[in-house]
Amino acid sequence: RVSALERGGCGRSSNRLARLSDGSRACVRYGINPEQIQGEALSYHLAGVLGMQERLPPMVLALVETRGRQWEPVREELLGSHWAEGAVVSLTRWVDNLTAVVAPAPWGAEAGSGRRLQPLSAGELGGLPPSQLVELVQWSDLILFDYLTANFDRLVSNLFSLQWDPRVMRRATSNLLRAPDGGLVFMDNEAGLVHGYRLLALLRSVCVFREGTARRVAELHRRRSAAAELRRRYRAREPLWAHLGFLSERQAELLQARVDFVHRHIAHCRAQ
Ligand SMILES: Nc1ncnc2c1ncn2[C@@H]1O[C@H](COP(=O)(O)OP(=O)(O)OP(=O)(O)O)[C@@H](O)[C@H]1O
Ligand SMILES: [Mg+2]
């Protein structure tokens with residue numbers, strides 16, 4: 001049961017800090033779009049599936065019911081919140097004394113080398129004290145988690161800002177905080193899974209393709225030649241190609257994987 005509902009302390013103005021009848025506190029997030037809360041909840045449980053849920057504050061959903069028992073003591077505040085009746089909000093258990101987190105030093109120093117993080121060498125890793133290794137492993141969980149959920153609201157937004165702020169990797173990472181025990185807390189996962197997958201969903205919602213496009217995709221799939229053809233065309237038509245270099249092997253593989261994904265989707269549409 002919610003015994004008090006206060007403004008401030010929990011981010012944007014539509015959020016509230018709740019005091020619960022058992023004495024604990026929680027941040028209540030209200031999504032402008034229900035997909036935000038859906039993304040938050042699904043991401044939280046995916047973290048459970050991955051065995052990394054301890055990195056996230058415990059979360060539970062609640063229904064906004066002005067006349068409900070759960071909200072009885074804060075009916076007035078609930079009306080003042082302008083939350084829609086029947087909306088689903090998320091409650092994350094309040095974590096005391098959180099502090100800002102800056103990306104590990106080896107990455108912060110990489111700001112100048114383009115919009116990506118550089119792998120750390122075995123030598124660099126070996127020289128680190130255990131506490132920093134523990135932290136790096138938590139960062140690796142974070143990166144894997146944000147990759148799987150396509151959450152661009154943390155590292156990706158920082159990497160994106162590198163273009164106008166070369167020092168951004170040395171600033172606090174958004175939606176990431178540190179608990180007093182040193183552990184990272186993955187805060188605010190609303191951009192995950194649903195919002196981040198929207199482009200994918202957009203593709204799935206399209207089942208009509210231009211014949212020529214479908215044919216090219218099929219060829220690139222069959223020949224596994226997406227990157228090779230791109231390289232050939234780029235070199236043939238762009239006199240300055242050598243100044244910028246090409247995709248790395250890994251990026252070329254990703255491009256091919258996405259071509260294959262689109263091809264499977266088109267084949268699926270054809271079969272319908
Ligand atoms: N469970 C929590 N425990 C402690 N602090 C919290 C908790 N949830 C949110 N906060 C605080 O509120 C801030 C904003 O939280 P969150 O990112 O979830 O909201 P937001 O609406 O996205 O706001 P912002 O735009 O500031 O990111 C966090 O950076 C943190 O300081
Ligand atoms: Mg946030």
Side-chain angles (χ1 to χ4, degrees), residues 1-48 52-62 64 70 74 77-78 80-84 87-103 135 138-139 141-143 145-147 149-161 165 168-198:
R1 257 174 76 181
V2 182
S3 53
L5 209 51
E6 298 159 11
R7 287 166 193 271
C10 289
R12 70 188 68 154
S13 61
S14 52
N15 300 347
R16 292 289 181 276
L17 174 64
R19 289 172 193 282
L20 307 180
S21 46
D22 68 354
S24 65
R25 285 180 293 171
C27 276
V28 190
R29 317 181 94 241
Y30 177 79
I32 309 303
N33 184 319
E35 285 186 358
Q36 293 170 276
I37 303 301
Q38 191 192 3
E40 178 86 36
L42 291 176
S43 298
Y44 175 71
H45 290 289
L46 181 68
M52 56 173 79
Q53 205 166 41
E54 62 173 354
R55 299 265 63 83
L56 286 69
M59 190 229 54
V60 68
L61 298 178
V64 175
Q70 193 177 14
V74 294
E77 292 86 339
L78 203 55
S81 71
H82 300 295
W83 292 346
V88 178
V89 292
S90 69
L91 275 73
T92 53
R93 182 184 292 156
W94 179 262
V95 189
D96 264 319
N97 301 318
L98 292 171
T99 50
V101 182
V102 176
E135 168 154 358
Q138 293 183 8
W139 273 90
D141 268 349
L142 176 70
I143 290 168
F145 182 58
D146 283 355
Y147 178 77
T149 58
N151 187 340
F152 49 77
D153 212 7
R154 235 180 317 253
L155 281 169
V156 173
S157 82
N158 269 24
L159 293 175
F160 186 70
S161 304
D165 180 2
V168 71
M169 292 307 286
R170 294 176 212 177
R171 302 186 202 287
T173 307
S174 47
N175 296 320
L176 182 67
L177 292 163
R178 189 188 305 284
D181 70 359
L184 300 183
V185 182
F186 306 172
M187 201 54 90
D188 181 3
N189 301 292
E190 70 175 14
L193 286 171
V194 188
H195 195 47
Y197 280 9
R198 187 166 288 132

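We count ligands from 1, going down the list as the structure has it; atoms in each ligand are counted the same way. This structure is a prediction, so every number in the text was calculated from the model and none was measured.
Side chain of R154 to backbone of N175: a donor-acceptor contact under 3.5 angstrom is found.
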Expected list for residues 94-103: side-chain donor-acceptor pairs under 3.5 angstrom, two or more places apart:
| from | atom 1 | to | atom 2 | distance (Å) |
| --- | --- | --- | --- | --- |
| W94 | NE1 | D96 | OD1 | 3.1 |
| D96 | OD1 | R25 | NH2 | 3.1 |

Show which side-chain atoms of residues 3-17 pair as donor or acceptor with protein atoms under 3.5 Å away, not counting sequence neighbours.
| from | atom 1 | to | atom 2 | distance (Å) |
| --- | --- | --- | --- | --- |
| S3 | OG | R19 | O | 3.0 |
| E6 | OE2 | R19 | NE | 2.8 |
| R12 | NH2 | E190 | OE2 | 3.2 |
| N15 | ND2 | C10 | O | 2.7 |
| R16 | NH1 | S13 | O | 2.8 |

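Proximity of D153 to D188: side-chain heavy atoms (C-beta onward) are separated by under 4.5 Å at one or more points. Looking at N189 and T149, their side chains never come closer than 4.5 Å, going by heavy atoms from C-beta outward.
Taking 2.8 Å as the limit, the number of protein N, O or S atoms around the Mg ion (ligand 2) is 2.
Listed by chain and residue number, the protein contacts of ligand 1 are G9, C10, G11, R12, N15, C27, R29, T92, R93, W94, V95, L98, N175, L177, M187, D188 (heavy atom within 4.0 angstrom).
L176 contributes atom CG, which lies 8.5 Å from atom CG of D146 (distance to the nearest 0.5 angstrom). In this structure, E54 CD and F186 CZ are separated by 9.5 Å, a value rounded to the nearest 0.5 Å. Taking CE of M59 as the start and OG of S90 as the end, the distance is 6.5 Å to the nearest 0.5 Å. Note: E40 CD to N151 CG = 9.5 Å, rounded to the nearest 0.5 Å.
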